[in-house]
Amino acid sequence: MTKDFLKVLLAENEISARVEQLAAEISKDYTDKEIIAVCILKGATLFYSDLIRRLNIPVKLDFMAISSYGYGTESTGEIRIKKDMENDICNAHVLIVEDIIDTGCTLSNLIEMLKQRRPASIKTVCLLDKPERRKASIKPDYCGFVIEDNFVVGYGLDYAEKYRNLPYIAILEPKIYEKTM
Ligand code: PRP
């Protein structure tokens, strides 16, 4: 499978060390508060499970599925909720957990939608930020790594549903996705 990648961008131990730091920062900022941590399926699942187990504050778990990319490499700019969260977030502290912010359309639309449910606060944590491709003006409250505009897979991120289970993040060989574009 390594022939599918140009190189490993972030090794397992680098990701783990950064997740540890993010968890410490988040735990400190939310001292004496309970949060609802919302995992945005499916890309954020590995990051989410590693992050929440390192938080030392009370955490309620919740999950949302939103469509944006499909099988291509470009975001549509619109979002559709495929699966909504189960908790009532009115007066709650909400932390949205994302794997990557690319155009920013998913997150900015989602935040506007969730604000209407009147949470006490709403913050975002993303593992990867690709600011070069931004269309919506949005900055995550917590960010693992700022990366260049490469197609990355692994640690939850996919190409056509493949590679999500890799414990590291790699840059996909362009030939892989150029074949289908
Ligand atoms: C990815 C990622 C974000 C979104 C970011 O999800 O998890 O939700 O795209 O892109 P944007 O900033 O350009 O809106 P995707 O729709 O690929 O679904 P997945 O998490 O199931 O892979």
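First listed ligand is number 1; within each ligand, the first listed atom is number 1.
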Atom 13 (O) of ligand 1: of I100, T103, L110, T45, the nearest heavy atom sits on T103
Logged contact type for D102 with ligand 1, heavy-atom cut-off 4.0 Å, is both
Checking heavy atoms under 4.0 Å, the part of D158 that sits near ligand 1 is side chain
Does K115 pair with E112 as a salt bridge, N-O distance under 4.0 Å?
yes
Worksheet item: Can you check whether C90's main-chain N or O pairs, donor with acceptor, with D88's side chain at less than 3.5 Å?
Response: yes
Please confirm whether the backbone N or O of R134 pairs with a side-chain atom of T103, one donor and one acceptor, at under 3.5 Å?
-> no
If I apply the N/O under 3.5 Å rule, does I101 come out as touching ligand 1? no
C105 heavy atoms within 4.0 Å reach ligand 1 at atoms 12 (O), 14 (O)
Geometric N/O contact G43 with ligand 1, under 3.5 angstrom: yes
If we number the atoms of ligand 1 from 1 as shown, the ones under 4.0 Å from a heavy atom of E98 are 2 (C), 3 (C), 7 (O), 8 (O)
Worksheet item: Can the ring centroids of F151 and Y177 be said to lie less than 6.0 angstrom from one another?
Response: yes
(Q) Please report whether ligand 1 has a polar contact with S67, defined as an N or O pair separated by less than 3.5 Å (distance criterion only). (A) no
Residue pairs passing the side chain to side chain donor-acceptor pair (under 3.5 Å) test with at least one member in residues 5-18, sequence neighbours excluded, are S16-R54, R18-Q21
Under 4.0 Å from one or more heavy atoms of L41, ligand 1 contributes atoms 20 (O), 21 (O)
In terms of side-chain heavy atoms, does D4 have a donor or acceptor partner in Y163 at a distance below 3.5 Å? yes
Note: heavy atom closest to atom 14 (O) of ligand 1, options L107, I138, T106, belongs to T106
So the atoms of ligand 1 within less than 4.0 Å of a heavy atom of G104 turn out to be 11 (P), 12 (O), 13 (O)
With no hydrogens and no angle check, is any side-chain donor or acceptor of D62 less than 3.5 Å from a backbone partner on V38? no
With sequence neighbours left out, the residues meeting ring pair (Phe, Tyr, Trp, His ring centres under 6.0 Å) with F63 are Y48
Taking a cutoff of less than 4.0 Å between a non-hydrogen atom of the residue and any ligand atom, is R164 in contact with ligand 1?
yes
